[in-house]
2 protein chains.
Amino acid sequence: MGTPESDPAGGTPRTRRAKRPTMEDVAARVGVSRALVSVVFRDAPGASRETREKVLRAADELGYRPDSAARVLARSRSRILGVMLTVRNPFHADLVEAIYPEAEQVGYDILLSAHAPTRHSHKAIEALLGHRCEALILIGPETDPAFLTEVVRQVPVVSVGRRFPDTGVETVHTAEAKGVRQAVDHLVALGHRDIVHIDGSRGAGSAERRRGYRKAMRGHGLAEAARVLPGDHTEESGAAAARRLLDEGTMPTAVLAGNDRCAIGFLDAVSRAGVHVPGDVSLVGYDDIPIARLSHIELTTVRQNVPRMAALSVRTALNRLEDPGRAPQEAVLTPELIVRGTTAPPRTRD
Amino acid sequence: MGTPESDPAGGTPRTRRAKRPTMEDVAARVGVSRALVSVVFRDAPGASRETREKVLRAADELGYRPDSAARVLARSRSRILGVMLTVRNPFHADLVEAIYPEAEQVGYDILLSAHAPTRHSHKAIEALLGHRCEALILIGPETDPAFLTEVVRQVPVVSVGRRFPDTGVETVHTAEAKGVRQAVDHLVALGHRDIVHIDGSRGAGSAERRRGYRKAMRGHGLAEAARVLPGDHTEESGAAAARRLLDEGTMPTAVLAGNDRCAIGFLDAVSRAGVHVPGDVSLVGYDDIPIARLSHIELTTVRQNVPRMAALSVRTALNRLEDPGRAPQEAVLTPELIVRGTTAPPRTRD
DNA sequence: AACGGAAACTAGAGCGCTCTACTAGAGCGC
DNA sequence: GCGCTCTAGTAGAGCGCTCTAGTTTCCGTT
C-alpha cells in the first residue's frame with residue numbers, strides 16, 4: 001500500500017503536481033481533529049500553546065496553506081473588501097498602496113479588479129461581487145449611476161473622488177474648491193492676475209475644480225480674467241493647451257492645470273518651446289502624484305491627503321457594514337497646497 | 001410565516017441587506033433542480049433552449065449571481081490565473097490590460113495582486129496561491145529565486161521580463177540585446193559616435209540591455225566610446241544623469257536610456273536647461289509606454305510587443321498546466337525600434 | 001405496440017473550510 | 001465526595017456550487 005506520509009513530498013516527482021494538502025492532512029499528521037487545526041489557523045481561543053506549535057510545524061512541513069475559497073464559503077462574512085481601480089492611473093496606484101495596510105489592520109483582505117479600456121467597470125464590479133466582497137471601494141469610478149444604485153442594494157459602495165448623489169453610494173473626496181482656492185490665492189499673492197484653468201472635463205473632481213476656480217477668481221475681483229481651456233486628465237491635454245496658448249499668443253502668466261498629469265504635459269510642451277517655468281509662466285497642478293516631486297519637475301500642486309483617503313474609505317465601508325441603516329456618508333478632506341518650484345511672481349512687462 | 005417569495009425583494013427594506021440568492025432560489029422559482037440551473041450557468045449541454053431562458057430570466061429577477069468561492073471550491077480546477085504586478089508601473093498596467101482579454105478567451109478569470117512598497121511580493125504571491133490560482137503570471141518580479149523555487153513546486157509560474165534560471169520558472173521576455181542593437185545602429189547610422197547608456201541597475205532586463213549596449217558599440221568599433229552611467233528605471237535617475245552630464249560638461253551626442261521613464265526624466269531635465277532634443281542631443285528610450293507616444297514627447301524608443309507578451313504569458317501558463325512534465329520554456333520576443341522625434345543627426349561641430 | 005436511444009432533467013456526494021454544540025477532564029471550594 | 005467552572009478538544013452540519021451516475025420523457029422505428 002505504501003505509507004500515506006511519503007505521498008505529498010514525493011508523489012510522481014515532476015510529472016504530476018502533488019494535490020495540495022488540506023486541513024485534514026495537517027490534522028492527521030498531528031493526530032488531532034480538523035476543527036482544532038481550524039482553531040489554530042484562525043487564531044481562535046481553544047488550543048494549547050503546545051498544540052498550536054505542533055499544528056503550525058506540521059502545516060509547514062506539509063506546505064499547507066488555507067484555501068481562501070473554502071474559507072470564504074464556510075464563513076458567513078468573507079472579510080474581503082473589493083477595490084476597483086484604473087490600472088493606468090498613478091493616483092489610483094497611490095491609493096491602492098495605502099489601502100492595503102489599512103485593510104489588513106482591520107482584518108480584511110483586498111481583492112483588486114481593474115477597470116481598463118479593455119474591461120468595462122461593470123465587469124470589474126461584477127467580478128468583485130461574485131467573489132463575495134463585503135463592500136466595494138471604487139476609485140474614481142466612471143460608472144453609470146443607475147448601475148451603482150443596483151449594486152448598493154447588495155453591498156456597501158464607497159466612491160473615492162467622485163460623488164454619486166442620491167444613489168446610496170458613500171463618498172470620500174477632497175474639498176476641491178478649497179484646494180483650487182489655495183492655488184489661486186497663492187498665485188494672486190505672487191502678483192498674477194491672468195490665470196488660466198485647464199479643465200478636466202469628466203475626470204473625477206473636475207467639475208468642482210472648475211467651479212472653485214471661477215469662484216476664487218471672482219473672490220479676487222478677477223471674474224473678467226477667468227479663462228477655462230478645454231482639456232482632460234491626461235498629459236496630452238496639457239500639451240495641447242500649451243500649444244494652443246503658444247499659437248494664439250495668449251499665454252497667461254499662470255496656469256492652473258486640471259491635475260498633475262495635465263500639468264506635466266503642459267510643462268513639457270512649453271519647456272520644449274523655450275518658454276520657461278516659472279520664469280515666463282507659473283504652473284500649478286493637482287493631486288501631488290509621485291512624479292510631481294521629482295527634482296526636475298518640482299511641481300507646485302494641490303496635495304490630496306492619500307493616506308487619509310485610504311483610511312477613510314476603509315472606515316466608511318466598515319461603518320456602513322456595521323450599521324446598514326445609516327444614511328450614506330460623505331467624507332470631505334482638506335487638500336494642501338504644496339509650493340515647489342513651478343510658481344513665481346510674474347515677469348514684469350515693461 | 002409570509003410567502004417565501006416576498007422575502008428577497010422586500011425583506012427589512014434598508015436596514016438589513018437581503019441575503020444573496022443562491023442557485024437553490026433560482027431553481028425553486030423556475031421549478032427545476034439546482035443541478036439544471038448549474039448547467040445553464042455553466043453553459044453546459046443538457047438544458048433545452050426554453051429552460052435556459054426561463055432560468056436566466058428568473059435569475060435576473062432575483063438578482064442572482066454565481067458565487068465564485070463556491071464555484072472554485074466545487075470545481076477541481078479553479079480556472080483562475082493569478083497576476084502579480086507593481087501597481088505603479090505603467091508598463092505593468094499595459095500588460096495587465098492586455099492579459100484580461102487573453103485570459104477571457106481561454107475561459108480563465110484573472111486575479112490581481114499588487115506588489116508595492118507596503119506589500120512584499122511574497123505576500124502578494126501567497127494571496128494568489130491561497131485563492132487557488134492554477135498558475136501565476138508575475139510581471140517583472142523582484143522576488144527571491146529561492147522562494148520562487150518553492151512556489152513552482154505547487155503551481156506553474158511565468159515570469160514576464162525577468163529570467164530565473166534553474167528555478168523552473170517559465171519566462172516571457174524581450175530580446176533586449178536585439179532592441180538595444182537596433183537603437184545603437186540607428187544612432188550610428190545618423191552619425192553618432194558618442195553614445196551614452198544610462199543603466200537600469202536591477203530593473204527587469206537591464207543587465208541584458210547593458211551587455212547589449214556594450215556589444216553593439218563594439219560591433220561598430222566604438223568600444224572605447226562606450227560609457228555607462230549609473231541609474232535605474234525611474235524618471236529621477238534620468239534627470240540625475242542629465243544633471244551630471246550637464247555639470248561635467250560631458251554631454252554626448254546621443255543617450256540610450258534604461259527605459260522610457262528614465263528617458264523622460266532625462267528629456268525633461270535637459271529641456272529645462274535649454275538643451276534641445278534632438279538638436280543638441282538625441283535620445284532613445286525603451287518600452288514604448290503610452291506617454292512616449294504623446295505629441296510633446298515623441299520619444300524614439302524600443303517597443304516591447306505587449307500584446308504578444310500578454311498572449312504568450314497566458315499560453316505558456318496553460319501549456320505547462322496541460323503538460324506539467326515539460327521543461328520550463330523561455331519565450332523571447334523581438335522588439336521593434338520606433339523612430340519618433342527625439343533622434344536626429346548630431347549637430348556638426350565646427 | 002413495443003423498443004431503442006438521445007435529450008432533458010434529477011439525486012446526492014463531495015470540495016475544504018467554519019462554527020455551534022457538545023464531551024472529557026482538570027482544578028477547586030466546601 | 002459533590003457540584004462547579006474552565007480549558008482543550010471533537011463531532012458534524014452546513015456554506016453554494018459542480019459533476020457523476022442515474023432516471024424520465026419523448027421521439028422515430030420496425
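In what follows, chains carry the letters A, B, and so on, assigned in the order in which the sequence lines appear, proteins first and then strands, with residues in each chain numbered from 1.
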Does this structure show an ion pair linking B/Arg326 with B/Glu170, if we count only N-O contacts that are shorter than 4.0 Å? yes
Salt bridge or not between A/Asp109 and A/Arg79? Use side-chain N to carboxylate O under 4.0 Å.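 No, no charged N to carboxylate O under 4.0 Å.
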In the strands shown, is [N] matched to any nucleotide by a Watson-Crick or G-U wobble pair with both distances under 3.5 Å, and which?
{"N": "D/dT24", "value": "C/dA7"}
{"N": "C/dG25", "value": "D/dC6"}
{"N": "C/dC30", "value": "D/dG1"}

First encountered from the 5' end of DNA chain C, between B/Arg132 and B/Val32: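 It is B/Val32, whose closest nucleotide lies nearer the 5' terminus.
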[X], nearest nucleotide to its side chain (from [options]):
{"X": "B/Ala74", "options": "C/dG14, C/dT10, C/dC17", "value": "C/dG14"}
{"X": "A/Ser33", "options": "D/dT10, D/dC17, C/dC15", "value": "D/dT10"}
{"X": "B/Thr22", "options": "D/dT18, C/dC19, D/dG16", "value": "D/dG16"}
{"X": "B/Arg71", "options": "C/dC17, D/dG16, D/dC17", "value": "D/dC17"}
{"X": "A/Lys19", "options": "C/dC17, D/dG9, C/dG16", "value": "C/dG16"}
{"X": "A/Ala47", "options": "C/dG16, C/dC9, D/dG9", "value": "D/dG9"}
{"X": "B/Met23", "options": "C/dC19, D/dT18, C/dG16", "value": "D/dT18"}

Without decimals, in angstroms, what is the distance between [X] [atom1] and [N] [atom2]?
{"X": "B/Arg42", "N": "D/dG16", "atom1": "CZ", "atom2": "P", "value": "18 Å"}
{"X": "A/Glu53", "N": "D/dA8", "atom1": "CD", "atom2": "C1'", "value": "16 Å"}
{"X": "A/Arg75", "N": "C/dT18", "atom1": "CZ", "atom2": "C1'", "value": "8 Å"}
{"X": "B/Arg79", "N": "D/dC17", "atom1": "CZ", "atom2": "C1'", "value": "16 Å"}
{"X": "A/Glu50", "N": "D/dT7", "atom1": "CD", "atom2": "P", "value": "17 Å"}
{"X": "A/Leu73", "N": "C/dT18", "atom1": "CG", "atom2": "P", "value": "11 Å"}
{"X": "A/Arg65", "N": "C/dG16", "atom1": "CZ", "atom2": "P", "value": "15 Å"}
{"X": "A/Arg49", "N": "D/dT7", "atom1": "CZ", "atom2": "P", "value": "15 Å"}

Using a heavy-atom cut-off of under 4.0 Å over every strand shown, decide if A/Ser76 touches base, sugar-phosphate, or nothing. nothing
Base, sugar-phosphate or nothing for B/Pro66? Non-hydrogen atoms, less than 4.0 Å.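 Touches sugar-phosphate only.
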Residue whose closest nucleotide on DNA chain D lies nearer the 5' end, A/Ala70 versus A/Leu36: A/Leu36
Sub-3.5 Å donor-acceptor pair from the side chain of B/Arg119 to the main-chain atoms of B/Ala114, do we have one? yes
Mark yes or no for whether A/Arg65, through its side chain, and A/Thr22, through its backbone, hold a donor-acceptor pair below 3.5 Å.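 No, because the side chain of A/Arg65 does not come within donor-acceptor range (under 3.5 Å) of the backbone of A/Thr22.
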Has [X] got a side-chain N or O lying under 4.0 Å from the OP1 or OP2 atom of [N]?
{"X": "A/Ser38", "N": "C/dT18", "answer": "yes"}
{"X": "B/Ser48", "N": "C/dA7", "answer": "no"}
{"X": "B/Thr51", "N": "C/dC9", "answer": "yes"}

Can you check whether any acceptor in the base of D/dG12 is under 3.5 Å from a donor in the side chain of A/Arg34, or vice versa?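 In this structure, the two groups form a donor-acceptor pair.
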A/Phe147 vs A/His122 aromatic rings, parallel, tilted or perpendicular, using cut-offs 30° and 60°?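 Because their plane-to-plane angle is under 30°, the rings of A/Phe147 and A/His122 count as parallel.
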In sequence, state the C-alpha distance, the side-chain angles, and the governing distance for B/Arg88 and A/Glu97, and then conclude on salt bridge (Lys or Arg N to Asp or Glu O under 4.0 Å). CA-CA 9 Å; B/Arg88 289 191 180 287; A/Glu97 289 192 1; 3.0 Å; yes
